[in-house]
Amino acid sequence: MLRMSTLLLRTLRDDPSDAEVASHRLLVRAGYVRRIAAGIYSWLPLGYITYRNIEKVIREEMDAAGFQEVHFPSLLPREPYEETNRWTEYGPDLFRLKDRKGNDYLLGPTHEEMFTLMVKGEFSSYKDLPLSIYQIQTKYRDEPRPRSGIIRGREFVMKDSYSFDVDDAGLELSYQRHRDAYIKTFNRLGLEFNIVSAMSGAMGGSKSEEFLAPCTTGEDTYVLCEKCGFAANVEAMVTKVEPFSGSEPGAMEVFDSPNTPTIDSLVDLYNTKFGASITGAETLKNVLLIADGQAIAILVPGDREVDLKRVGANLAGVKELRLFEDEDFAKYPGLVKGYVGPQDADKFGIKVYADPRITIGSPWITGANEKNKHARFAVHGRDFKAISFVESAEVKAGDSCPSCSAPVVIDRAIEIGHIFQLGRKYAQALGLTVLDQNGKAQVVTMGSYGIGVSRAVAAVAEQTHDEIGLNWPREIAPAQIHLVAAGKDDSIFAYAEKLAIDLEAAGLTVLFDDRREASAGVKFKDAELIGIPFIVIVGKGLAEGNIEFRIRNSGDKFEFASDSAVQEILSTLNS
RNA sequence: CGGGGCGUAGCGUAGUGGCUAGCGCGCCUGCUUUGGGAGCAGGAGACCGGGAGUUCGAAUCUCCCCGCCCCGACCA
């Protein structure tokens, strides 16, 4: 039993000034967490119980799926990460340190290497596979910008699993088993979520899905089709286009277009000059980028911006992508800012990629690579040619769903889980092979599956809180019953004390507000802030033989007879 | 890393060159109160983020540093 009179807890009346999002504000105010440094938090008793409840659900579902729990150190030597090149690749996000002898160590940001090496050290036969193992461990990433309280920290707890299979079919099976276990887990946690297809990074292109918990303060943007249920990461959204069916226009024609460096100004001039009524969607925007030092051009319709994340995710092999700056224009005197067109790309030695909307055969109004001049009737395939199509334009609400063509909506969410088929990258790098039936060494194929455990606490808080406080689902609340003794009479406290003991004996967990000095109002406010799902009040009604029972979530209130309180509470909870 | 903001007691804040740094919440003592963040009285608690400088005098002005928050870039 938790007693408020002795609990290490001080609720705050005011929002902390450094907290913005609801989960952060309320977890601090309700005395669940305290900030230690940017992105680093301590858990107080109420918070740690809640955290452990979430961990318990996750562990139970992993075990039920037949995955085995292991545990690795957080403090790791450099060597394994050197073998996979991540000591270098991970860059400044890696917390690095040296021991007294000057050897390099790191605080694990993720543990692919350790898992792979553990299996390599023990198993060597195809008969040992498939295998799925997991750990729940603190991870460290020196994020450029920790934010939103415990949603994105530099220290956080993650449940990460890895599957090991001999072949792709086995990997697919292991992947599905994890997917199913994740669905069960998040349902038990009371989280609303969508499973969206995601990009697993430019190389590989293997299967990857994210579990996203919708909430306005989430930092992930995704596309959702409310009609057919299609959901995708913005990066993975596929543009639905029809082949161009219009007739081929006359030859490309350059026209004077003074002072039209922007799409809007170009549209105005064009409509006036030619008595037309075009929109930005009929103009072609040529956005120049530097991709790993190389100049490239991205073609998108003029009414859309280029989404650099989408370009980066869809342009195979590109690591660094940035917009052209003035000094880049200086290197290409033929390219006139505001009047760039794709017709002369070969001449300038610039690779051109087109958004799928720039269909073959479609005519466009675009820059003429000369100041104050544009060209019209520029036909893709005739007057200019892209090397390939690349998803580049920003996704907008109302775009067509790739599977059913209905208009999609755009929503924000917190990424609470990510599953993907890693393939053989780590097994290859670290030499994890097993002998097959023919005695031949086969590189093992792996899957990787993560759940943000500490983040899940915040995600649930985000999705369930209201104006007055937290509001936990029953399975993860720090207690199931918040019992308030409201009054000064000894009989109230004596009765409440017995009720608390009886409720615990009946298998419920109880937070008992047994403070003598606090007023009823304070206790009610605290109960609402702390967010335990059921609140029992022993107070003025006791004299008439009644206690009060409230449901935090709905606000419903009931009167129960004090002499049958335990039974009535139990039957209400079970109904 | 770019842009913006902030740093005064456990929390929220006032104080833009001048007396002993003020207020609310919380905390301690006493009395009163007791179903919606109680009242009165008394009290403890602050290297005003750090350093250097300007000045008779600095929380307040200048410079440097550190930390924190927000937007963006970034994010297995």
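Proteins come first, then strands; the chains are lettered A, B, ... in the order of their sequence lines, and each starts at number 1. Just so you know, these numbers use all the heavy atoms, side chains as well, and skip hydrogens, waters and symmetry mates. Everything numeric here is computed off the predicted structure, so don't read it as measured data.
- OP1 or OP2 of B:rG26 has at least one side-chain nitrogen or oxygen of A:Arg13 nearer than 4.0 Å.
- Rounded to whole Å, the distance from CZ on A:Phe524 to P on B:rG35 is 8 Å.
- Counting to the nearest Å, the P atom of B:rC69 and the CD1 atom of A:Ile150 are 14 Å from each other.
- A:Lys488 has its NZ atom 9 Å from the P atom of B:rG35, to the nearest Å.
- Nearest to the side chain of A:Ala38, among B:rA38, B:rU34, B:rC69, sits B:rC69.
- Closest to the side chain of A:Arg147, out of B:rC71, B:rC69, B:rG12, is B:rC71.
- B:rU32 and B:rG45 have their C1' atoms separated by 26 Å, given to the nearest Å.
- Here the side chain of A:Lys309 is nearest to one of B:rC69, B:rG72, B:rC74, namely B:rC74.
- Across all strands shown, B:rG12 forms a Watson-Crick or G-U wobble pair, both distances under 3.5 Å, with B:rC23.
- A donor-acceptor pair is defined here as one N or O able to donate and one able to accept, closer than 3.5 Å; no such pair exists between the side chain of A:Thr464 and the backbone of A:Trp472.
- Taking the side chain of A:Lys540 as heavy atoms from C-beta on, and the options B:rG36, B:rG35, B:rC69, the nearest nucleotide is B:rG35.
- Nucleotides B:rA59 and B:rG42 place their C1' atoms 29 Å apart, quoted to the nearest Å.
- Distance CZ (A:Arg516) to C1' (B:rG35): 17 Å, rounded to an integer number of Å.
- Of the charged side-chain nitrogens involved, at least one lies within less than 4.0 Å of a carboxylate oxygen, so that A:Glu209 and A:Arg179 count as a salt-bridged pair.
- Between B:rU8 and B:rA58, the two C1' atoms lie 14 Å apart (nearest whole Å).
- For A:Ser519 and B:rG37, the shortest distance from a side-chain N or O to OP1 or OP2 is not below 4.0 Å.
- Looking only at atom types and distance, the side chain of A:Tyr353 has no donor-acceptor partner in the side chain of A:Ser392 under 3.5 Å away.
- Summary of the strand contacts: A:Val538 and A:Pro16 both lie near RNA chain B, and taking for each the nucleotide with the nearest heavy atom, the more 5' one is attributed to A:Pro16.
- In the set B:rC74, B:rG36, B:rU13, the nucleotide with an atom closest to the side chain of A:Ser17 is B:rU13.
- For A:Asp466 and A:Arg552, the salt-bridge test passes: some basic side-chain N is under 4.0 Å from an acidic carboxylate O.
- At a cut-off of 3.5 angstrom, counting only N and O atoms as typed in the model, there is no donor on one side facing an acceptor on the other between the side-chain of A:Arg29 and the base of B:rG10.
- For the pair A:Lys309 and A:Asp307, the salt-bridge criterion is not met [side-chain N within less than 4.0 Å of a carboxylate O].
- The pairing partner recorded for B:rG17 is none, the criterion being a Watson-Crick or G-U wobble arrangement whose two distances lie under 3.5 angstrom.
- If you check every strand for non-hydrogen atoms under 4.0 Å, A:Glu548 touches a base.
- For the P atoms, the distance from B:rU13 to B:rA21 is 22 Å, rounded to whole Å.
- Counting atom types as modelled, A:Arg152 pairs a side-chain N or O with a base atom of B:rC75 as donor and acceptor under 3.5 Å.
- One interatomic measurement links the two molecules: CG of A:Leu12 to P of B:rU13, which rounds to 12 Å at whole-angstrom precision.
- For A:Asp526 against B:rG37, a side-chain N or O and a base N or O form a donor-acceptor pair under 3.5 Å.
- Taking the P atom of each, B:rC27 and B:rC11 are spaced 15 Å apart, rounded to whole Å.
- Remark on RNA chain B: of its neighbouring residues A:Ile537 and A:Asp93, the 5'-side contact belongs to A:Ile537, judged by nearest-heavy-atom nucleotide.
- Checking B:rC63 for Watson-Crick or G-U wobble geometry (two distances, each under 3.5 Å) identifies B:rG51 as its partner.
- Distance A:Leu27 CG to B:rC11 C1': 17 Å, rounded to the nearest Å.
- One finds no salt bridge joining A:Arg412 and A:Glu219 here, because no Lys/Arg side-chain nitrogen approaches an Asp/Glu carboxylate oxygen to under 4.0 Å.
- In this structure, a donor-acceptor pair under 3.5 Å is absent between the side chains of A:His111 and A:Gln137.
- The distance between atom CG of A:Leu9 and atom P of B:rG37, rounded to the nearest whole Å, is 19 Å.
- Taking the C1' atoms as reference points, B:rC69 lies 22 Å from B:rC25, given to the whole Å.
- Across B:rA44 and B:rG53, the matching C1' atoms stand 36 Å from one another, rounded to whole Å.
- Base engagement by A:Thr11 is indicated by at least one non-hydrogen atom pair under 4.0 Å involving a base atom.
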Verdict with reasoning, A:Tyr134 to A:Tyr162, per ring pair (Phe, Tyr, Trp, His ring centres under 6.0 Å): CA-CA 6 Å; A:Tyr134 75 96; A:Tyr162 296 86; over 10 Å; no
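- When distances are taken from the side chain of A:Ala486 to each of B:rG26, B:rG35, B:rG36, the shortest belongs to B:rG35.
- Between the CZ atom of A:Arg34 and the P atom of B:rC68 there is a distance of 18 Å, given to the nearest Å.
- Between A:Arg304 and A:Glu394 no salt bridge is recorded (no basic side-chain N to carboxylate O distance below 4.0 Å).
- In this structure B:rA41 sits in a base pair with B:rU29, meeting the Watson-Crick or G-U test at under 3.5 Å.
- If you check B:rC69, B:rG35, B:rC74 against the side chain of A:Pro144, the one that comes closest is B:rC74.
- Here B:rG2 sits opposite B:rC71 as a Watson-Crick or G-U wobble pair (both hydrogen-bonding atom distances under 3.5 Å).
- Look at B:rG36: it lacks any Watson-Crick or wobble partner with both distances under 3.5 angstrom.
- Residue A:Thr84 is classed as having no contact, given no heavy-atom separation below 4.0 Å to the nucleic acid.
- Atom P of B:rG5 sits at a distance of 15 Å from the matching atom of B:rC63, rounded to the whole Å.
- In this model, a side-chain donor or acceptor of A:Glu528 finds a partner on the base of B:rG36 within 3.5 Å.
- For A:Arg35, taking side-chain heavy atoms from C-beta onward, the closest of the listed nucleotides B:rU34, B:rG72, B:rC69 is B:rC69.
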